[in-house]
There are 2 protein chains.
Amino acid sequence: MPIRPADLDRIRALPLFMGASPAVFRDATAGAFLQRFPAGTTLLMEGDPVDFLYVLLSGSVELQGSWKEKESTLAVLRPVSTFILAAVMLEAQALMSARTLEPSQILMLSGEALRRTARQDADFGFAVIQELAGCYRGVVRTVKAQKLRGGVERLANYLLAQCARQQNEARIILPHEKRVLASLLGMTPENLSRAFAQLSDYGVHVRGAQISFERPRALKRLARPSALIDNHAPAALHPAGKAASETWSTDTEEEGGGAQPPKAARFGVSPKFP
Amino acid sequence: MPIRPADLDRIRALPLFMGASPAVFRDATAGAFLQRFPAGTTLLMEGDPVDFLYVLLSGSVELQGSWKEKESTLAVLRPVSTFILAAVMLEAQALMSARTLEPSQILMLSGEALRRTARQDADFGFAVIQELAGCYRGVVRTVKAQKLRGGVERLANYLLAQCARQQNEARIILPHEKRVLASLLGMTPENLSRAFAQLSDYGVHVRGAQISFERPRALKRLARPSALIDNHAPAALHPAGKAASETWSTDTEEEGGGAQPPKAARFGVSPKFP
DNA sequence: CGCCCAGTTGAATTGGCTCAATAGTCGTGG
DNA sequence: CCACGACTATTGAGCCAATTCAACTGGGCG
């Protein structure tokens, strides 16, 4: 319940609060509390009213939607990420359920306090705008991937994205269960297996959660990653030295316990549509 | 080029500017200009830097994404809607192309001025937040529909949504070409035809662009619309008397030339992810 | 009158899903 | 320490849905 100074620092490092003055930061985090949840805990059900902004500090969280007994994973978040900011700002019901995939440490910030602060302080408001805009663009990327690519292509691009996140090694470790990955990519677990099998023709070897790439060129030729769909690598020219924006996308930055000030500190934020 | 007072009023009626003081409104719209485009004009290509916020005053605009010679329609906007607000706020490149489907009147607002205003005035900033949050949630709904429903179900729900927008008549008129609708719903034109054919079992009759519903109950039982995916009808309890939010979704409100102050004035705004 | 294009229809193919069975893994408890 | 049960992952077979290719229809416009 009491928040450790180290955790406070991690929160301050979030894009949302990075530029905030001490007073604004105090206002926005008033009444905040920290909580630990075991794996598999449902934090929020689809349709619930949303009273808090959640900040994932450790562990991982799955966001999912459902309809007619079907479920689909819309995103898997890793620390440090915020989620359901949009619902908080609109005082609306949640559109997705949230549940922990691992034991997780989660900070809960009062929605009321955040809305009040955003209404009063234009700088903080602008940080919220950027966070939301980034989230929005993340989902747009997701829709594009879903509608424009086939299952194997989505998997190939996912692997390349993970590869880019994991120091571009020739060998990566899948950060989630394959069943979760399958749902995230919009296919069944069986189909994911077959998709992996198809990728063996492109030098992708699977050993449990360890994936190795033996012909990265061939894989890239198949995947054809695009800066307008995938969030990684080439990244066309940004206007200014915009630091961290546009995060969300299918999976968020990892964050052990150490300190990588520049590359860490990403969000689960997502952007609006048009 | 000079903006007519009637147009100015329509812009003021947008959620984005509704609460703005005269001074703030003047700042935000400084350097704005109005332009007419014929049908089929590309306003913006995927990947282009974005310098303006666009406001569609009449006509209609299609937002589309592409990859590997494939294209897909992500949204069709109708007046009055704003678009690419997220890219404007982040000074980022466009993730979608925008082209007119009909001759259109479009207002272009300086991105620079909007960012400056949002940074200086917390109330305007909050309006941007709400717009972005609504857009975000709109795309989330789109992803859910795409991943959780089959083609026929998406069509059925689309028809019900249109029906709700068109005074719940038993007969509606499709607002776009069927080829555009097919792409919007994530299928091929051929498949859309077959989906319509399947719906004839549920009392849906097609005569060109005119669709009539003879057994609305049966159609609803098939479609199973949800307040957490579709934007229309039942709409669970909102906390306060929140006016217009969460617009975007696949297609925006229509707006002839008359005046329906409460139901009109919708956005092309979309919300962020978490 | 005839062209062009949107829309529809049909047949063949592909891809994804469902169902079912098997193999490996982990954790629990005897 | 090992045996068991629960669960994840994989693989095969059959099925349903969607895409592709192709031909045909009908309406609008020159």
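Order of the sequence lines sets the chain letters (A, B, ...), proteins ahead of strands, with each chain counted from 1.
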### Task
For B:Met187 and C:dT14, give me the distance from atom CE to atom P, rounded to whole Å.
23 Å
### Rounded interatomic separation in angstrom, taking CZ from A:Arg149 and P from C:dG15
17 Å
### Message
Measure CG/B:Leu185 against C1'/D:dA18 and give the value in whole Å, please.
### Response
14 Å
### Task
Report the residue (B:Ser193 or A:Gly186) whose heavy-atom-nearest nucleotide on DNA chain C is the more 5′ of the two.
B:Ser193
### Query
To the nearest angstrom, how far is B:Lys147 atom NZ from C:dC17 atom P?
11 Å
### Task
Would you indicate what B:Gly151 reaches in the nucleic acid, counting non-hydrogen atoms under 4.0 angstrom: base, sugar-phosphate, or nothing?
sugar-phosphate
### Task
Ignoring hydrogens and angles, state whether a donor on the side chain of B:Thr73 or B:Glu62 is under 3.5 Å from an acceptor on the partner side chain.
yes
### Task
Indicate yes or no for a side-chain donor-acceptor contact from A:Ser97 to the backbone of A:Glu46 under 3.5 Å, with no hydrogens or angles considered.
yes
### Task
Could you check how far CD of A:Glu190 sits from C1' of D:dT8, rounded to whole Å?
11 Å
### Message
Starting the side chain at C-beta, find the nucleotide from D:dT19, C:dG7, D:dA9 nearest to B:Arg179.
### Response
C:dG7
### Task
Measure from NZ or CZ of B:Arg224 to the centre of the six-membered ring of A:Trp67 and say whether it is under 6.0 Å with the direction within 45° of the ring axis.
no
### Task
Go through the N and O atoms of the side chain of A:Arg194 and the base of C:dT18, and report whether any donor-acceptor pair is under 3.5 Å.
yes
### Task
Indicate, with a heavy-atom threshold strictly under 4.0 Å, whether A:Glu177 touches base, sugar-phosphate, or nothing.
sugar-phosphate
### Atom-to-atom span, CG of B:Asn191 to C1' of C:dG15 - whole angstrom
13 Å
### Summary
When rounded to whole Å, the NE2 to C1' distance for the pair B:His176 and C:dA6 reads 16 Å
### Task
Could you tell me whether a side-chain N or O of B:Asn191 sits under 3.5 Å from a main-chain N or O of B:Met187, the two making a donor and an acceptor?
no
### Query
Nearest-Å distance, CG (B:Leu148) to P (C:dC17)?
12 Å
